Amino acid sequence: EPKTIINLKIVVRSPSGFQVLEETQAFTVGYSLVRRSRLLRLLEFSGSQLGLWRIQVLAGGQVIGDYPIEIRAPVHD
């Protein structure tokens, strides 16, 4: 529905599944027939473990986006 405000939760999880960051972002639904939105958000956290980290976007407790980020050890020549 146009003008509906949707509150999203953005969560960052370490490779062990520990939640290291949680932020919320509200946006208003537009009038377009195609419901899509772009969201840019700076997330600051310490990636202290190597491995696959996850950024998850949740709406009403349901994961609607899941973005993997791999943190690797530096390569020394």
Side-chain angles (χ1 to χ4, degrees):
E1 192 67 31
K3 291 193 174 183
T4 300
I5 297 173
I6 298 177
N7 291 306
L8 298 178
K9 187 185 297 185
I10 302 165
V11 172
V12 178
R13 296 191 186 278
S14 70
S16 64
F18 182 76
Q19 182 176 311
V20 298
L21 179 74
E22 179 180 313
E23 295 187 6
T24 57
Q25 176 71 48
F27 71 95
T28 305
V29 175
Y31 288 96
S32 173
L33 292 176
V34 177
R35 302 284 190 242
R36 70 176 155 217
S37 180
R38 291 189 177 104
L39 176 68
L40 176 65
R41 180 78 179 223
L42 177 63
L43 302 174
E44 293 187 45
F45 62 95
S46 176
S48 57
Q49 293 179 334
L50 301 178
L52 193 62
W53 288 65
R54 305 199 89 72
I55 297 175
Q56 296 179 320
V57 180
L58 297 92
Q62 186 74 20
V63 176
I64 61 171
D66 190 5
Y67 306 96
I69 298 175
E70 184 178 16
I71 296 183
R72 299 179 183 178
V75 177
H76 300 288
D77 293 329

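Basis for what follows: all heavy atoms, side chains included, without hydrogens, waters or symmetry-related copies. Count residues from 1 along the sequence. As the structure is a prediction and not an experimental result, all values here were calculated from the model.
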J.: Is Val11 isolated, or which residues cluster with it under the ILVMFWY side-chain rule of less than 4.5 Å, directly or via members?
T.: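 Val11 shares its hydrophobic cluster with Leu58, Val63.
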J.: If every non-hydrogen atom of Gln25 is compared with every non-hydrogen atom of Ile10, which pair is closest and at what distance?
T.: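 The answer is CB-CD1, 4.3 Å.
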J.: Could you grab the distance from atom CD of Glu23 to atom CD of Glu44, nearest 0.5 Å is fine?
T.: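 So the CD of Glu23 and the CD of Glu44 are separated by 8.5 Å.
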J.: Within a radius of less than 6.0 Å around CD of Glu70, do more than 12 heavy atoms belonging to other residues, nucleotides or ligands occur?
T.: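 Check passes, neighbour count above 12.
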J.: So Phe27 and Ile5, side chain to side chain contact (heavy atoms under 4.5 Å, CB included) or not? Walk me through it.
T.: CA-CA 6 Å; Phe27 71 95; Ile5 297 173; over 6 Å; no
J.: Could you pull out every donor-acceptor pair under 3.5 Å between side chains of residues 15-22 and any protein atom, sequence neighbours left out?
T.:
{"unit_1": "Ser16", "atom_1": "OG", "unit_2": "Ser14", "atom_2": "OG", "d": "3.0"}
{"unit_1": "Gln19", "atom_1": "NE2", "unit_2": "Glu22", "atom_2": "OE1", "d": "2.7"}

J.: Evaluate the criterion side chain to side chain contact (heavy atoms under 4.5 Å, CB included) for residue pair Val12 and Leu43; output intermediate values, then yes/no.
T.: CA-CA 9 Å; Val12 178; Leu43 302 174; 4.2 Å; yes
J.: May I have the list of side-chain donor-acceptor pairs in residues 47-56 shorter than 3.5 Å, sequence neighbours left out?
T.:
{"unit_1": "Trp53", "atom_1": "NE1", "unit_2": "Gln49", "atom_2": "O", "d": "2.9"}
{"unit_1": "Arg54", "atom_1": "NE", "unit_2": "Asp66", "atom_2": "OD1", "d": "3.0"}
{"unit_1": "Arg54", "atom_1": "NE", "unit_2": "Asp66", "atom_2": "OD2", "d": "3.1"}
{"unit_1": "Arg54", "atom_1": "NH2", "unit_2": "Asp66", "atom_2": "OD2", "d": "3.4"}
{"unit_1": "Gln56", "atom_1": "OE1", "unit_2": "Arg13", "atom_2": "NE", "d": "2.9"}

